[in-house]
Amino acid sequence: MSTVTVQKSAPASSITQAAAGALIAAVHTAAARIGFTAAVAVTDQGGHLKAFDRADDAPFLTAEVAVDKAWTAVSFRIPTHTWNDLLVNPHIAPLGGHPRVMAVGGGYPIIENGRCIGGLGISSGDYEQDQQAAEEALAALGFDTPGH
């Protein structure tokens with residue numbers, strides 16, 4: 001009989017409601033400076049929506065796109081704009097058919113001290129504007145911006 005003890009769980013860090021709200025505010029500030037209004041989604045480390053806001057004049061489809069960008073970014077802990085290069089690989093390309101995968105700039109994992117604590121998704125500008133607003137907001141709050 002083995003006497004080895006198996007660890008049965010691992011602690012999971014998650015973005016706080018306060019930090020999620022601060023990220024949303026930072027995105028709106030960056031988006032206004034860049035020249036667009038946005039829908040912004042923040043998920044926890046499991047891809048579940050933590051906070052969301054859509055500017056009054058942001059198209060309604062941007063709400064779903066922002067949530068899916070945040071989900072995509074946190075699911076593999078990589079920015080959404082990197083998916084375009086990944087999906088050309090025929091072994092990975094079938095993932096492009098998943099209804100929630102968003103291979104468009106503007107989604108980032110939220111990284112604190114090397115640990116993924118959530119996902120950020122921005123939609124309503126073009127992909128470069130969404131990506132820039134995400135990077136500025138993450139940097140403003142001291143989060144890492146991997147893969148930019």
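The shown structure was predicted, so the numbers you read here are calculated from the model rather than taken from an experiment. Index from 1, following the sequence.
- The two residues A58 and T62 make their nearest non-hydrogen contact at CB-OG1, 3.8 Å.
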Let's go through Q132 and E128 carefully: what are the C-alpha distance in whole Å and the side-chain angles of both, what is the deciding distance for side-chain hydrogen bond (donor to acceptor under 3.5 Å, both in side chains) to 0.1 Å, and is it a yes or a no? CA-CA 6 Å; Q132 182 180 354; E128 290 172 322; over 6 Å; no
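- In this structure, the separation between CZ on F76 and CD1 on I92 is 8.5 Å, given to the nearest 0.5 Å.
- Among all heavy-atom pairs drawn from G121 and A70, the shortest one is N-CB, 3.5 Å.
- Using a 4.5 Å cut-off between side-chain heavy atoms of Ile, Leu, Val, Met, Phe, Trp and Tyr, with links allowed through other members, I111 and L23 fall into different hydrophobic clusters.
- Taking CG from N113 and CZ from F143, the interatomic distance works out to 9.5 Å, rounded to the nearest 0.5 Å.
- Distance alone, capped at 3.5 Å, is enough to place a donor-acceptor pair between the T80 side chain and the G107 backbone.
- Between W71 and H98, the ring planes are parallel. Angles under 30° get that label, and only those over 60° would be called perpendicular.
- Under a 3.5 Å cut-off, the side chain of K50 and the backbone N or O of T16 do not form any donor-acceptor pair.
- Closest heavy-atom contact between A51 and Q17: CB-NE2, 3.9 Å.
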Take Y108 and Q131 through the test side-chain contact (heavy atoms from CB on, under 4.5 Å) and record every step on the way to the result. CA-CA 8 Å; Y108 279 89; Q131 191 173 327; 3.3 Å; yes
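- For residues 97-124, the pairs satisfying salt bridge (charged side-chain N to carboxylate O under 4.0 Å, His left out) are D68-R100, with sequence neighbours left out.
- Atom OG1 of T145 sits about 11.0 Å away from atom CG of L120, to the nearest 0.5 Å.
- Placement of V104 and V101 in two distinct hydrophobic clusters is found when ILVMFWY residues are connected by side-chain heavy-atom separations under 4.5 Å, directly or transitively.
- Residues S123 and D130 come closest through the heavy atom pair CA-OD2, 3.4 Å.
- Residues D144 and L138 come closest through the heavy atom pair O-CD1, 4.2 Å.
- The hydrophobic clustering, which links ILVMFWY residues whose side-chain heavy atoms are closer than 4.5 Å, places I34 and L141 together.
- Between D53 and I24, the shortest heavy-atom contact is CB-CG2, 3.7 Å.
- Within 6.0 Å of the CD atom in E64, the count of heavy atoms belonging to other residues, nucleotides or ligands does not exceed 12.
- Clustering ILVMFWY residues whenever any of their side-chain heavy atoms sit less than 4.5 angstrom apart, transitively, puts I110 in a cluster other than the one holding I78.
- Interatomic distance, H28 NE2 to R54 CZ, rounded to the nearest 0.5 Å: 10.5 Å.
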Let me have the donor-acceptor pairs involving side chains of residues 35-48, under 3.5 Å, with sequence neighbours excluded, atom names and distances please.
residue : atom : partner : partner atom : Å
T37     : OG1  : D57     : OD1          : 3.0
T43     : OG1  : G119    : N            : 3.2
D44     : OD1  : G46     : N            : 2.9
D44     : OD1  : G47     : N            : 3.1
D44     : OD1  : H48     : N            : 2.9
Q45     : OE1  : S14     : OG           : 3.1

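- No continuous path of hydrophobic side-chain contacts links Y127 to I122 [ILVMFWY only; heavy atoms under 4.5 Å].
- More than 12 heavy atoms of other shown residues, nucleotides or ligands fall within 6.0 angstrom of atom CZ in F52.
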